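Following: one structure in structure tokens, then a few remarks.
Read the numbers this way: they start at 1 and go in the same order the structure lists the ligands and their atoms. Bear in mind the structure is a predicted one, so any value in this text is a computation, not a measurement.
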Amino acid sequence: MDVPDGFASGAPCDTKSIAVPSHWQLEGYGAPQYTNTEYPFPVDPPRAPRGPVGSYRCMTQVPPSWLDAVAHGARVVLRTEGIDSFGELWCNGTLLGATVGSRLPHEFDVTDLVHDGDNLIAVHVHQWSAASYLEDQDMWWLSGIFRPVTLRLLPSGLPSDVRCHADFDPATGDGILTVTSDLPAEVGVPQLGITGSTGEPISVGMVQPWTAETPRLYDVQVTTPAGTVTQRVGFRRVDVSDGVFRLNGRRTVLRGVNRHDFHPDRGRALTRDDLLDDVLVLKRHNVNAVRTSHYPPHPDFLDLCDEFGLYVIDECDLETHGFVDFGWRRNPSADPQWRDALVDRMRRTVTRDRNHPCVVMWSLGNEAGTGSSVSAMATWCREADPTRPIHYEPDQNTADTDVWSQMYPGHDAVSAIADRAEPALPDVHADAARRGKPYILCEFAHAMGNGAGATAEYLRDVERSDRMIGAFVWEMFDHGLRTSIDGRPTWGYGGDFGETLHSGNFCCDGLLFPDRTPSPAMLDWAALNAPARIRVTDHEVHVRNIRDHRDTSDLSYRWTITDESGNEYDGPLIIPPIARGASVTVALPVEVLDIFDAPHGELAVTVHAYLTNETAYAPAGFEVSNSTAEIPATAGAEDDTAVAVVAPTPTARTLTVGPAEINRATGMLTRLFGNPLAGPSLTLWRAPTDNDHGGGLNGDLTPVATHWSRMGLHRLTHELLDLQVDDRSIVTMVRSAPADSDIAVVTRAVWSAQTDVVRCHLSCTPEGEWSHPVARIGWMLQLPDWTGDFTWWGDGPGESYIDSRNGTRLGLWRRSLDQLHTPYVRPQENGQRSNVRWGELQATDAADVTGLRIAADRPIGMTVRRHSLDQLARAAHDSQLEAEGTTWWHLDVAQHGLGSAACGPEPLPQHTLMMQPQALTLRFTATG
Ligand code: GAL
């Protein structure tokens, strides 16, 4: 639609209404585009291409009282919080100026332009501008007025620029308040009975300091004869001393996530409720810190972080990552003509957010290279706010920063850094300076699809060394946008909106699914960071308070015991409050020990810590952590291995042993307890995860999924080599191998049965050279389409993998097959239950099948699903998965770890699965 002359002054034109704030691409105009680093237009800085322009108009009323106030010297200001990327604004037909810095505020004085009655505000928003070169964050390109626009009255004589520095002296427990303002004023803190003046430090005596664990806020009143301005503060001190990052004098560990503003329907145009949801989900999952990757968040988010208690690394709206493709040639960070633009962004970030106690560090931006313009930002920032350290990850020499930051380093490198034993920098001075600085993992654990793995190992290094500030998982959200494909609702990613240049599903790499449902990785991270770290044995409970600033007097405890028949026992457990960083050990109550003493099968004893009282973020009784110990069965528990076995009976095509029927030609089961069924066939492959497909941070690793496909793991064929029958058993030898390869695995299966029990002892031996990891070592059964539930005695209730299993625990669990499936945005390996002793597919009345229980002689991984590996590997969206009329049941001795290779390291050596001989005995019984 062409914009007519006079648009800004109200000329009639054919307009449509659109919600503001919003992105026009999500309101039916144009389409979103997702790129990671790539600029979606030819790179020729500072020239940006002409692109779509969104023209907005709105009428607004100015209250008559404002006009009275204006007559007495008040000012009226038009403030925009976020316009992407470049806005030209008019008020009643007069051009006000332009906005740049999409995630930064702008103010225009419209005092002389507003009048009684209707006032016309008009804005042209250009999708592309020179500023787009500075805003190449890994996210959707979404345009428009996406944050609030407000008209504000600034009464005459009232301060309009108030800065509060609420310091806390850890040595005395006193607060020191310094308020500066554009007008001299009186300062008061009614809750403390304190008064003073602007411009001078006011000693406020003993205060409760602000921490994320104790987010105590006070109202500061700044008063002039014209009235009072109120500013919320929290007294706290952030500093780096002796190479340690401290809050209120104490080393404080940041247990963080990287967070973009995101919503699957609204993009970055968030409501207060969205922001509150985000804060609640983080608090309920024991996250204590957020890096606002990679721009200042919606301003309300910081209010909520102050209030609920989250540490924030506030990052400037700067990323020029696309220049990496040109060897960083013409990168604005190193080009003096961009210096003012960069410094201006930093200035506006700090000015907007400096009064927030939650902000504990400034970040100059992300992946914008280094250079004089970035250094100028640091210089400005350090002068303007010496009270917070400066972060910037690309600065590996720490020339501009107070902390050393890295993303996705290998675990060994991090351990060396924790030991202060990292390799030296070539420049001795730079090396000495960096060695004296604390270290932060601003990004690690790439939570794309199923993963990341090994967060526990990194966190252990972070916790054990006081050089370490903390670690931030990449990232909070899967940025899937709600759309539909072939009429089915789905989460859209790059390429789903007709984009030719895009980065596929690389934006779906969060701890939360697009609709904010926590993924298994979120539960893993939550368990690792639980404030009460519990360890249970067969006689005692050990609890460590991992908080840095408060005791555990807010927590209560219970014990529960579950057995594999579903019996449950529980009771309270008294654990005295534990001081910050301290531990206690208490004996398990006598009732528990009595249960252990009586004859029993295997037991799971769990200690749960929960909130005694309601808090701002969760109700009373909310469970913050738990831990389970496995208590072995007492001697004399049921053992039927000595019961007489039945002899196999041959027929023309099959061999029958008890309730099992085996095909003579294949050596595989064809029927079990009357159910048609096939297998067990050796399986070494999985539908690759996003991390399996990953080539590491710099793309220089060969993805393990590529090795798997070169090895042919996805196309094994199985050939019966030998079949022996005697009066007790059937023994088969099956060779599994891909075409055109000399690697193989031979499975020996020994089948025996009693009247109502079938046993199979499986052992496998590799042949040839297996030089790369395999995805899994296990066997798979194919069963009829199953409608009954799956019940198991093992870890649950969610899925888990060898390097991501902290969010699960031993118990008796029951789920439908659909619930076992984790709906990763792009389908991939999912749904494994680990440490399983037995699993049972239950029959339903409607189905013509017999319930089947499989018990293993060692804990194994079980996965039951309605989708074949091939379909899982091929489908691009979860919504495209079709039921195939078959149920697959994987019985895995081991699976390869998850790792982080979509943008980081592969699984750790101890989580890497190499082909090796394995053995497993399965016991099959019919149920129900
Ligand atoms: C980092 C970057 C993030 C994101 C991540 C991969 O290099 O800072 O913005 O792109 O990689 O998902």
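In the vicinity of Met407, heavy-atom distances shorter than 4.0 Å reach the ligand 1 atoms 1 (C), 7 (O), 8 (O). Of all atoms in ligand 1, numbered sequentially from 1 with element shown, those under 4.0 Å from a heavy atom of Asn366 are 2 (C), 8 (O), 9 (O). Short contacts between ligand 1 and Cys903, defined as distances under 4.0 Å to a heavy atom of the residue, involve ligand atoms 6 (C), 11 (O). Annotation for ligand 1: atoms under 4.0 Å from non-hydrogen atoms of Asp138 are 4 (C), 6 (C), 9 (O), 10 (O), 12 (O). Applying the 4.0 Å criterion to heavy atoms of Asp509 picks out, from ligand 1, the atoms 12 (O). Counting the atoms of ligand 1 from 1 in the order shown, those under 4.0 Å from a heavy atom of His294 are 3 (C), 8 (O), 9 (O). Short contacts between ligand 1 and Asn36, defined as distances under 4.0 Å to a heavy atom of the residue, involve ligand atoms 10 (O). In summary, the atoms of ligand 1 found under 4.0 Å from a heavy atom of Phe506, numbered by their order in the structure, are 6 (C), 12 (O).
Counting heavy atoms under 4.0 Å from ligand 1, residue Glu367 touches it through the side chain alone.
Donor-acceptor pairing under 3.5 Å is recorded for the side chains of His106 and Arg348.
The closest donor-acceptor contact from the side chain of Asn830 to the backbone of Thr822 lies under 3.5 Å. Although no hydrogens or angles enter the test, the distance criterion places no donor-acceptor pair under 3.5 Å between the side chain of Glu443 and the main chain of Trp474.
Of the charged side-chain nitrogens involved, none lies within less than 4.0 Å of a carboxylate oxygen, so that Arg352 and Asp314 do not count as a salt-bridged pair. Between Glu135 and Arg345 a salt bridge is recorded (basic side-chain N to carboxylate O distance below 4.0 Å). Salt bridge annotation for Arg686-Asp692: present, with a cationic side-chain nitrogen under 4.0 angstrom from a carboxylate oxygen.
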### Query
Would Arg330 and Asp44 count as a salt bridge (Lys or Arg N to Asp or Glu O under 4.0 Å) if you check the C-alpha gap in whole Å, the side-chain angles of each, and the deciding distance to 0.1 Å?
CA-CA 9 Å; Arg330 301 169 79 188; Asp44 181 23; 2.9 Å; yes
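Using a 4.0 Å heavy-atom cutoff, Met448 is absent from the residues neighbouring ligand 1. By the 4.0 Å heavy-atom criterion, Ser293 is excluded from the residues contacting ligand 1.
For Glu443, a nitrogen or oxygen atom sits less than 3.5 Å from a nitrogen or oxygen atom of ligand 1, counting backbone and side chain alike.
Ring geometry for Tyr493 versus His877: interplanar angle under 30°, hence parallel rather than tilted (30 to 60°).
With hydrogens left out, the protein atom closest to atom 12 (O) of ligand 1 is His446 NE2, 2.7 Å, a heavy atom.
Counted within 6.0 Å of CZ on Arg339, heavy atoms from surrounding residues, nucleotides or ligands total 12 or fewer; the atom is thus considered open.
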